[in-house]
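Heads up, the thing below is written out as structure tokens.
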Amino acid sequence: MSTRTVLKRTPLFEVYKKYGAKVIDFGGWELPVQFSSILEEHDAVRKEAGLFDVSHMGEVLVEGKDAESYINYLVTNDVAKISINQAQYTAMCYPDGGTVDDLLVYKLENEKYLLVINASNIEKDFEWMKQNLKGEVTLKNISSDTAQLAIQGPKAESILQNLTDVNLSEIGFFTFAQNVNIGGIDGVLVSRTGYTAEDGFELYLANEKVEALWNKLLEVGTEDGLKPCGLGARDTLRLEGRLALYGQELSSEISPLEAGIGFAVKTNKESDFIAKAALTEQKEKGLKRKIVGIEVTGRGIARHGYKVFSEDGKEIGVVTSGTQSPSLKKSIGLALISAEHAKVDMQLKVEIRNKQIDAVVVKTPFYKKGK
């Protein structure tokens, strides 16, 4: 007897058809990989603007007198450093330093935070948060009630500004405004964050309002080049910006330090946190392996899971992500390799279709906005 998995859908699922989206199974979700083509959508975000439905992401509200100390115990960054209407990128870890998830923490009020987590980890993360609950704190998983759009690209601000009286230029990087009215739709959290290495905003709102907002944004933005975009472009954009993806650059087997997000690990913060001892030891003793940027200089594209070898033929690691960069016209990737080989300009080999192809360690990010 066969069993069939029922895929989850966002509130915009029916809208995808109108725009001709190609829909795939993405970690248990039925999501658009592309609306037109990955290259066209990637190009739109780099040059004009793109609109993504990311309503599959998870959201958890943390409230109470001890909310700050509880989150600080749960994550590797220092939440005490952010103010109301500021966001922070961080990681949650297991005691051995492996990563439970990477996430954004939004400080809504002094005793109220919004945690935004990866879609495929919602149940696991929420269970982890409950298991490690400390102090006077309540948790509420609002993932199934909350939608999220991302408008990204150099024209994102001017397009969005057409629909609101709030001065968007006053919302700085990693800050946000609450209860914004956009085109008559109220209660929108507007955050200057994103996952594309471009300027832009992430918009959080109630599920029942998201279709109206999606339509309004395309209505006012199409003339300026705004295009609906899928997961395919989201992946090439984030990889060019060297932004980690959970399940590839981060996992229970890979620590945030190994993944190269050490900026989000504050082992010297005043409060204790899960994995502090393991991550401190990794820092003090030095990492045995690291994720680095690679460029394939021979023919071929490095893909997730491909083996990496030193120039003298020793197996030294594995590719975590790889693609043909639409912006740079090069075969780029990220690879978890032994630290002794993780030096810029180090020559490597990547096994692509049973052949060892030349590659080299390069500086990251591969792409920087405006360069």
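If you read the sequence from its start, that first residue is 1, and numbering goes on from there.
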Donor on one side chain, acceptor on other, [X] and [Y], under 3.5 Å:
{"X": "Glu249", "Y": "Thr320", "value": "yes"}
{"X": "Asn181", "Y": "Asp165", "value": "no"}
{"X": "Ser325", "Y": "Ser327", "value": "no"}
{"X": "Glu240", "Y": "His42", "value": "yes"}
{"X": "Asp78", "Y": "Asn72", "value": "yes"}
{"X": "Gln324", "Y": "Ser331", "value": "no"}
{"X": "Thr297", "Y": "Asp358", "value": "no"}

Could you measure the distance from the [atom1] atom of [X] to the [atom2] atom of [Y]? Nearest 0.5 Å is fine.
{"X": "Cys93", "Y": "Phe273", "atom1": "SG", "atom2": "CZ", "answer": "7.5 Å"}
{"X": "Leu51", "Y": "Ile159", "atom1": "CG", "atom2": "CD1", "answer": "9.0 Å"}
{"X": "Glu14", "Y": "Glu211", "atom1": "CD", "atom2": "CD", "answer": "9.0 Å"}
{"X": "Leu348", "Y": "Ser310", "atom1": "CG", "atom2": "OG", "answer": "8.0 Å"}
{"X": "Lys112", "Y": "Ile84", "atom1": "NZ", "atom2": "CD1", "answer": "11.5 Å"}
{"X": "Arg299", "Y": "Ile352", "atom1": "CZ", "atom2": "CD1", "answer": "11.0 Å"}

Between [X] and [Y], is the ring centroid distance below 6.0 Å?
{"X": "Tyr89", "Y": "Phe174", "answer": "no"}
{"X": "Tyr16", "Y": "Phe13", "answer": "yes"}
{"X": "Tyr106", "Y": "Phe176", "answer": "yes"}

Is there a donor-acceptor pair closer than 3.5 Å between any side-chain N or O of [X] and the backbone N or O of [Y]?
{"X": "Lys343", "Y": "Glu340", "answer": "yes"}
{"X": "Tyr306", "Y": "Ile301", "answer": "no"}
{"X": "Asn118", "Y": "Met57", "answer": "no"}
{"X": "Lys227", "Y": "Glu40", "answer": "no"}
{"X": "Thr90", "Y": "Val75", "answer": "no"}
{"X": "Asp43", "Y": "Leu39", "answer": "no"}
{"X": "Lys269", "Y": "Asn77", "answer": "yes"}
{"X": "Gln88", "Y": "Ile82", "answer": "no"}
{"X": "Asp66", "Y": "Gly135", "answer": "no"}
{"X": "Glu109", "Y": "Glu111", "answer": "no"}

(message) Using 30° and 60° as the class boundaries, would you call the ring planes of Trp128 and Tyr94 parallel, tilted or perpendicular?
(response)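 Ring orientation of Trp128 relative to Tyr94: perpendicular.
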Determine, for [X] against [Y], whether the closest basic-nitrogen to carboxylate-oxygen distance falls under 4.0 angstrom.
{"X": "Arg234", "Y": "Glu41", "answer": "no"}
{"X": "Lys288", "Y": "Glu281", "answer": "no"}
{"X": "Lys124", "Y": "Glu127", "answer": "no"}
{"X": "Arg289", "Y": "Glu258", "answer": "yes"}
{"X": "Lys8", "Y": "Glu30", "answer": "no"}

(message) Can you tell me which residue among Ile337, Val360, Val350 is in a side chain to side chain contact (heavy atoms under 4.5 Å, CB included) with Ile294?
(response)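 Only one option passes, and that is Val350.
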With a 4.5 Å cut-off on side-chain heavy-atom distances among I, L, V, M, F, W and Y, is there a chain of contacts connecting [X] to [Y]?
{"X": "Leu250", "Y": "Tyr195", "value": "no"}
{"X": "Ile291", "Y": "Val319", "value": "no"}
{"X": "Leu328", "Y": "Leu239", "value": "yes"}
{"X": "Leu61", "Y": "Val105", "value": "no"}
{"X": "Val180", "Y": "Leu213", "value": "yes"}

Residue pair [X] / [Y]: nearest heavy atoms and the distance that separates them:
{"X": "Arg238", "Y": "Ser321", "value": "NH2-OG, 2.8 Å"}
{"X": "Leu189", "Y": "Leu114", "value": "CD1-CD2, 4.5 Å"}
{"X": "Trp29", "Y": "Ala119", "value": "NE1-CB, 3.9 Å"}
{"X": "Val166", "Y": "Gln161", "value": "O-NE2, 2.8 Å"}
{"X": "Gly241", "Y": "Pro365", "value": "O-CB, 3.6 Å"}

Taking the side chain as everything from C-beta on, heavy atoms only, tell me whether [X] gets closer than 4.5 Å to [Y].
{"X": "Glu68", "Y": "Tyr113", "answer": "yes"}
{"X": "Asp125", "Y": "Met92", "answer": "yes"}
{"X": "Leu103", "Y": "Val116", "answer": "no"}
{"X": "Ser255", "Y": "Leu279", "answer": "yes"}
{"X": "Leu160", "Y": "Leu168", "answer": "yes"}
{"X": "Ser120", "Y": "His56", "answer": "no"}
{"X": "Leu149", "Y": "Glu202", "answer": "no"}
{"X": "Leu334", "Y": "Val292", "answer": "no"}

(request) Please check if atom CD in Glu208 has more than 12 non-hydrogen atoms from other residues, nucleotides or ligands closer than 6.0 Å. (result)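 Enclosed.
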(message) Under the criterion side-chain contact (heavy atoms from CB on, under 4.5 Å), I'd like the reasoning laid out for Leu115 against Met129: C-alpha separation, chi angles, the key distance, then a yes or no.
(response) CA-CA 11 Å; Leu115 274 49; Met129 290 176 198; 3.9 Å; yes
(request) Could you point out which residue of Thr99, Asp101, Asp102 forms a side-chain hydrogen bond (donor to acceptor under 3.5 Å, both in side chains) with Asn121? (result)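 When side-chain hydrogen bond (donor to acceptor under 3.5 Å, both in side chains) is applied between Asn121 and each of Thr99, Asp101, Asp102, only Asp101 qualifies.
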(message) When you measure from the centre of the six-membered ring of Phe309, is the NZ or CZ of Lys307 closer than 6.0 Å and no more than 45° off the axis?
(response)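 Pair Lys307/Phe309 does not count as cation-pi.
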(message) Within 45 degrees of the ring normal and closer than 6.0 Å to the centroid, is that where the cationic atom of Lys134 sits relative to Tyr73?
(response)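 The answer is yes, since Lys134 meets both limits relative to Tyr73.
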(request) Report the residue from Lys368, Arg46, Arg192 that forms a salt bridge (charged side-chain N to carboxylate O under 4.0 Å, His left out) with Glu198. (result)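 Looking at Lys368, Arg46, Arg192, the match for Glu198 under the salt bridge (charged side-chain N to carboxylate O under 4.0 Å, His left out) is Arg46.
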(request) Begin with the C-alpha distance, continue with both residues' side-chain angles, and end with the deciding distance and a verdict on side-chain contact (heavy atoms from CB on, under 4.5 Å) for Glu59 and Gln148. (result) CA-CA 10 Å; Glu59 293 85 11; Gln148 185 189 350; 4.0 Å; yes
(message) Quick one, Ile357 with Lys349, criterion side-chain contact (heavy atoms from CB on, under 4.5 Å). Give me CA distance, side-chain angles, the key distance, then yes/no.
(response) CA-CA 5 Å; Ile357 306 297; Lys349 303 276 186 186; over 6 Å; no
